[in-house]
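Heads up: the structure comes next, in structure tokens.
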Amino acid sequence: MKKSEAHKADSQPHSLLTLDFNNLMAGAVGGAGLEAADLAAIRDILTPAVKNVLTRYEKGQLPFMNLPFQPDEVRKYQALADNLKKFDHLVVLGIGGSALGTRAVFNALKPLGPNSPAGGKRAHPRLLIADNIDPESFLALLEGLDIRKTAFNVISKSGATAETMSQFLIVYERLRHDLGKTALKDHLIITTDPEGGVLRKIVDSQGLMSLPVPPGVGGRFSIMTAVGLAPLAVAGINIAEFLAGAGACQKEQTSEVMANKAFLFAGLNWFLTTRKKRSSLVMMPYADSLSQVSDWFGQLWNESLGKGHLLSGREAATGQTAIKAVGATDQHSQLQLYMEGPKDKTICFLRAENFRQNLPIPRLFEEYPELAYLGGHSLGELLNYEQRGTARALAESGRPNLTLSMPQISPASLGYLMQMLEVATVVSGALYKIDPLDQPGVELGKKYTYGLMGRDGFDDFKKNYDRTFRDDPEYVL
Ligand code: PA5
């Protein structure tokens, strides 16, 4: 298939997202780029991989792909949002997939301006997300809250994550001490597995408010479940439009593999990684509000694709390292390396054609050519021209890059983008022949932590830690 054909489907005028990969092609970047034969090879390998994913979807093994189509859930979370309007703050306690998606969407879509006051009163509780256990920052967060006017959404699918559970215990104790046991039912919302886990047992025994994480949906694929939708609805985000955008992406999936953005994104990056030694993918939004999308994508891509074994059991070391950068800021810190350093990266730009608010640059000091060219433009124009200029410069230096572009940052375009990247992730899993839904590599460190913290059943890890611990002063300065 010709490149121009692949482009057609991606350049519909009303598309919520376009994917432009001109700067991956050899015509733009030279030897590092792709030839028509490479696109044909990608198509050949992508076709069975997509078939595999769609078969698993049809068998109900990839339930995240159905999440955009759930109007009842939207009504449920909107009702919850109405109930929680009495609070000043909603604090999410969660980590990894229980926090990153919510933060990405909230930062991209939160009402512009200082807390969006309506008639002098805040229209929605302010959303705060505590995804670390640094005692200094967690204490500072708690001390800045009026606990009588704060609700806490504890989010843990397993109900066993040490970080979230420690936060839960601290908050539970504070609420009970400051407001009394009866307040717990009002101030705590627990999002966890509908059946298993200790958190579910606590919900049942204490009669706490709870929301389910649907079975089969892992943390990093859970933004369109209660994990993301409930706090986002409480914060005033239009979750119906967000899901509608995701649904628009999901409905595109029966088309020709190279004309589907999710499949193509997976195929291109897999080829660049495995055949062109581009082992890293820099996700570089040109909008501050999209900067957290890079963090969410980083977890999705790295935790899903970085695997030590193939499905066959054979040892491997798969994946492509996702790196965060933000334009234009990181043009002045990281770009030099991307232009002239190791030739191991692909850059993925993420941009909006139009900004929701813009600022004209005044015509001043026009006698100085160094400043005269700025006046009469806007900051949004400057930022977008910087993105175009950087993409061109990278291409000229033989550095492959592609651009994801939204007409404007909106709930629908963000929903589309996130669903597209989630689907691309499972298709990539099929290309690498690994399981993109597990994360065995993070378990060992957890077990050592349990051992060191004295958890029953993990003594061997403590013993092994003590036995193998090295404190040779020669290597400590
Ligand atoms: O994507 C994942 O599965 C992980 O990042 C989890 O979201 C993270 O470890 C938190 O797990 P849990 O929701 O069980 O507390």
Side-chain angles (χ1 to χ4, degrees), residues 61-65 67 91-106 129-134 138 152-172 188-203 208 210-232 292-308 319 321-322 324 418-419 421-426 428-429 434-450 453 455:
Q61 292 168 1
L62 295 170
F64 85 88
M65 286 163 83
L67 294 173
V91 182
V92 165
L93 306 178
I95 197 164
S98 294
L100 290 166
T102 308
R103 180 180 282 149
V105 178
F106 180 64
I129 298 170
D131 68 344
N132 204 354
I133 43 168
D134 180 328
F138 196 54
F152 294 88
N153 187 187
V154 182
I155 306 181
S156 177
K157 182 178 167 71
S158 62
T161 303
E163 295 87 346
T164 307
M165 291 303 99
S166 311
Q167 291 173 324
F168 164 67
L169 296 174
I170 292 167
V171 163
Y172 187 97
L188 273 178
I189 305 123
I190 311 286
T191 305
T192 191
D193 189 272
E195 284 168 8
V198 68
L199 210 42
R200 175 57 53 189
K201 286 188 189 145
I202 293 172
V203 164
L208 300 176
S210 80
L211 297 168
V213 186
V217 180
R220 54 194 180 274
F221 294 87
S222 69
I223 180 61
M224 290 170 213
T225 69
V227 170
L229 297 180
L232 290 170
Q292 307 290 331
V293 172
S294 290
D295 291 320
W296 168 82
F297 174 72
Q299 188 217 7
L300 180 72
W301 206 241
N302 293 332
E303 204 163 280
S304 302
L305 305 181
K307 296 291 152 73
T321 308
K324 176 183 183 176
M418 293 176 94
Q419 188 74 10
L421 292 172
E422 287 184 16
V423 173
T425 301
V426 291
S428 302
I434 50 104
D435 181 357
L437 306 182
D438 67 1
Q439 54 282 327
V442 299
E443 296 307 318
L444 185 60
K446 279 190 201 171
K447 288 176 182 158
Y448 274 113
T449 306
Y450 295 153
M453 290 287 284
R455 181 172 165 179

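In listed order, ligands and their atoms are each counted from 1. Basis for what follows: all heavy atoms, side chains included, without hydrogens, waters or symmetry-related copies.
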Inset, instruction - Specify the protein heavy atom at minimum distance from atom 14 (O) of ligand 1: its residue, its atom name, and the distance to 0.1 Å. - result: Ser158 OG, 2.6 Å
Inset, instruction - For Ser98, take its heavy atoms, then give the atoms of ligand 1 lying under 4.0 Å from any of them. - result: 7 (O), 13 (O)
Legend entry - Numbered atoms of ligand 1 (with element) below 4.0 Å of Lys157, judged on heavy atoms: 12 (P), 13 (O), 14 (O)
Legend entry - Straight-line distance of Leu67 CG to Phe221 CZ, nearest 0.5 Å: 11.0 Å
Inset, instruction - Check whether any protein heavy atom sits under 4.0 Å from atom 1 (O) of ligand 1. - result: yes
Legend entry - Ligand-side contact atoms (ligand 1) for residue partner Gln299, heavy atom cut-off under 4.0 Å: 1 (O), 2 (C), 4 (C), 5 (O)
Legend entry - Gly97: numbered ligand 1 atoms lying under 4.0 Å from its heavy atoms: 5 (O), 6 (C), 7 (O)
Inset, instruction - Answer yes when Arg103 and Asp295 have at least one side-chain N-carboxylate O distance shorter than 4.0 Å, and no when they do not. - result: no
Legend entry - Atom indices of ligand 1, in the order listed, that fall short of 4.0 Å to a heavy atom of Arg220: 1 (O), 2 (C), 3 (O)
Legend entry - Inter-residue atom distance Lys157.NZ - Thr164.OG1, 0.5 Å rounding: 14.0 Å
Inset, instruction - Quick one: pull up OG1 in Thr161 and NZ in Lys446 and give me the separation to the nearest 0.5 Å. - result: 5.0 Å
Inset, instruction - Report yes if some heavy atom in the side chain of Thr102 is under 4.5 Å from a heavy atom in the side chain of Ile223; otherwise report no. - result: yes
Inset, instruction - Please identify which atoms of ligand 1 are closer than 4.0 Å to at least one heavy atom of Gly219. - result: 1 (O), 2 (C), 3 (O), 7 (O)
